[in-house]
Participant: 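To start, I am sharing the structure in question, which I have written as structure tokens.
For this chain, numbers begin at 1 and follow the sequence in order. Below, all heavy atoms of this structure are taken into account, side chains as well, without hydrogens, waters or symmetry copies.
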Amino acid sequence: MPTLPENWKAHCVTIIEAAERLLRADVTITERGFAEPKFIALALLIRTMSNLKGAMILLDARRIVEARTITRSCLENLYWTVGLYEEGDKFVRQMRDDEINYRKSTGEAIFASGASLDDEVETRLRNYLRDAAKIDIGKKTLSPKTVAALRPDFKKTYIFYAHLSMDAAHPSITALNRYVVPDPNGARFDVEPLVRAKEIAETYEYLSMACIGICVAVNEMIIAGVDLTPQADKHSALSNASARRMD
């Protein structure tokens with residue numbers, strides 16, 4: 001009988017298949033390109049499926065920290081897709097402003113550091129900063145927490161995002177403690193920390209939640225008409241099974 005992690009893995013394979021059906025939908029991409037919310041949402045869907053496949057490979061190899069770090073990225077992809085779905089062109093502008101602000105601050109930091117640059121590179125960077133200063137952009141920076149809050153039913157998933165940040169993505173005490181082996185005679189380290197089946201199942205559950213959410217949002221944005229009910233129902237069934245195992 002398949003274990004819970006194996007059931008989650010099989011379920012994630014069906015999510016990939018559903019995403020591939022979405023990507024085969026007849027979608028007209030206009031000359032707006034990356035200014036088109038649907039275009040960016042499809043790019044996010046493709047990025048997420050690549051993330052999901054990578055996380056599954058890592059989970060097979062029991063590289064739990066690395067898999068959970070990618071899972072965190074999938075949740076961030078979810079928030080940005082929801083932002084595009086909820087706010088459309090407005091969110092695209094915020095994404096543009098956010099990137100320009102980031103590039104400006106990076107360029108200014110390079111000059112402030114006194115780093116030596118090739119003449120050509122320095123000229124290009126100064127020209128970029130000059131042109132960027134002429135663009136009317138907002139100062140507010142997008143963050144996973146604020147974007148997740150755009151929809152009340154997704155806001156609570158930020159708890160999982162924050163958990164994965166502390167548990168895997170950031171070098172927190174909690175994350176680093178995985179590699180420490182309790183020993184009364186002194187500190188020892190384990191380069192292959194113990195990975196529990198429960199933790200693998202939990203990671204798959206977060207992956208499933210993020211990827212299904214993105215598929216649903218993209219499905220509605222591009223009007224693909226793909227039936228995602230089987231994936232949603234299976235996610236609920238496996239989540240309930242996981243909750244019973246934790247009791």
Side-chain angles (χ1 to χ4, degrees), residues 1-13 15-16 44 46-80 102 105-106 109-110 112-115 141-148 154-214 235 238-247:
M1 182 177 179
T3 63
L4 191 56
E6 289 169 340
N7 284 331
W8 274 116
K9 180 181 178 180
H11 170 55
C12 283
V13 170
I15 296 175
I16 294 172
L44 275 164
I46 294 169
R47 168 187 163 99
T48 303
M49 290 308 108
S50 178
N51 289 161
L52 173 56
K53 292 175 183 178
M56 291 171 69
I57 291 170
L58 289 167
L59 287 170
D60 278 346
R62 303 182 73 79
R63 311 304 304 186
I64 191 66
V65 172
E66 294 76 13
R68 288 167 81 85
T69 301
I70 293 179
T71 301
R72 175 179 176 270
S73 295
C74 289
L75 282 169
E76 195 163 328
N77 295 343
L78 170 64
Y79 302 149
W80 262 241
Y102 172 78
S105 63
T106 301
I110 290 173
S113 71
T141 302
L142 292 175
S143 72
K145 186 174 184 178
T146 57
V147 179
F154 277 91
K155 185 177 180 180
K156 62 184 179 182
T157 66
Y158 183 77
I159 298 171
F160 306 135
Y161 179 89
H163 171 60
L164 290 169
S165 296
M166 181 186 69
D167 178 58
H170 299 322
S172 65
I173 297 299
T174 297
L176 295 175
N177 193 51
R178 288 178 177 274
Y179 305 98
V180 177
V181 179
D183 189 334
N185 298 318
R188 292 195 300 113
F189 298 95
D190 188 351
V191 296
E192 297 291 342
L194 178 67
V195 180
R196 297 168 295 156
K198 173 185 173 183
E199 196 169 34
I200 292 177
E202 180 186 71
T203 306
Y204 270 123
E205 183 172 2
Y206 294 161
L207 283 166
S208 170
M209 175 181 64
C211 296
I212 290 175
I214 292 170
H235 176 88
L238 289 173
S239 291
N240 290 334
S242 295
R244 287 195 298 272
R245 295 280 182 91
M246 293 175 64
D247 291 340

Participant: Is the Tyr158 ring parallel, tilted or perpendicular to the Tyr79 ring (thresholds 30°, 60°)?
Facilitator: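 Geometry flag for Tyr79 against Tyr158: tilted rings.
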Participant: Which pairs count as ring-ring contact (aromatic ring centres under 6.0 Å, His included) when at least one residue sits in residues 188-207, sequence neighbours excluded?
Facilitator: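 Applying ring-ring contact (aromatic ring centres under 6.0 Å, His included) to every pair that reaches into residues 188-207, excluding sequence neighbours, yields Phe160-Tyr206.
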Participant: Of the non-hydrogen atoms in Ile200 and Pro5, which two are nearest, and what is the gap between them?
Facilitator: CG2-CB, 3.9 Å
Participant: Counting C-beta onward and ignoring hydrogens, is there a side-chain heavy-atom pair between Lys9 and Leu59 closer than 4.5 Å?
Facilitator: no
Participant: Between Ala175 and Met166, what is the shortest heavy-atom contact and its length?
Facilitator: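 Scanning both residues, the minimum pair turns out to be CB-O, 3.5 Å.
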Participant: For Arg62 and Glu192, what are the C-alpha separation, side-chain angles and deciding distance, and is it a salt bridge (Lys or Arg N to Asp or Glu O under 4.0 Å)?
Facilitator: CA-CA 9 Å; Arg62 303 182 73 79; Glu192 297 291 342; over 6 Å; no
Participant: Kindly indicate whether the side chain of Met49, heavy atoms from C-beta on, has any atom under 4.5 Å from the side chain of Ile214.
Facilitator: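 Side chain of Met49 against side chain of Ile214, heavy atoms only: no contact under 4.5 Å found.
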Participant: Quick one: pull up CZ in Arg72 and CD1 in Ile70 and give me the separation to the nearest 0.5 Å.
Facilitator: 12.0 Å
Participant: Nearest 0.5 angstrom please: Ser73 OG to Leu207 CG, how far?
Facilitator: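 If I round to the nearest 0.5 Å, the distance is 10.5 Å.
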Participant: Of all the heavy-atom pairs spanning Cys74 and Asn51, show the shortest one and how long it is.
Facilitator: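 Here Cys74 and Asn51 meet closest at SG-CB, 3.5 Å.
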Participant: To the nearest 0.5 Å, how far apart are CG in Leu164 and CD in Glu76?
Facilitator: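 It is 11.5 Å, given to the nearest 0.5 Å.
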Participant: On a heavy-atom basis, which atom in His235 and which in Met209 lie closest, and how many Å separate them?
Facilitator: CE1-N, 3.5 Å
Participant: Could you measure the distance from the CG atom of Leu78 to the CH2 atom of Trp80? Nearest 0.5 Å is fine.
Facilitator: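 The distance works out to 11.0 Å.
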Participant: When Leu58 is tested against each of Arg68, Lys53, Arg63 for side chain to side chain contact (heavy atoms under 4.5 Å, CB included), which residue passes?
Facilitator: Arg63
Participant: Whether the side chain of Thr146 engages the backbone of Leu142 through a donor-acceptor N/O pair (distance < 3.5 Å, no angle test) should be reported.
Facilitator: no
Participant: Hey, could you give me the OG1/CG distance between Thr69 and Asp167, rounded to the nearest 0.5 Å?
Facilitator: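 Rounded to the nearest 0.5 Å, the OG1-CG separation comes to 8.5 Å.
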Participant: Using every non-hydrogen atom in the two residues, find where Ala55 and Ala67 come nearest and quote the distance to one decimal.
Facilitator: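 The answer is O-CB, 3.9 Å.
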Participant: Between Glu205 and Ser239, does the side-chain hydrogen bond (donor to acceptor under 3.5 Å, both in side chains) criterion hold? Intermediate values first, please.
Facilitator: CA-CA 7 Å; Glu205 183 172 2; Ser239 291; 2.9 Å; yes
Participant: What distance do Leu75 atom CG and His163 atom NE2 have between them, rounded to the nearest 0.5 Å?
Facilitator: 11.0 Å
Participant: Could you report the tightest heavy-atom contact between Pro193 and Arg178, atom names first, then the distance?
Facilitator: CB-O, 3.3 Å
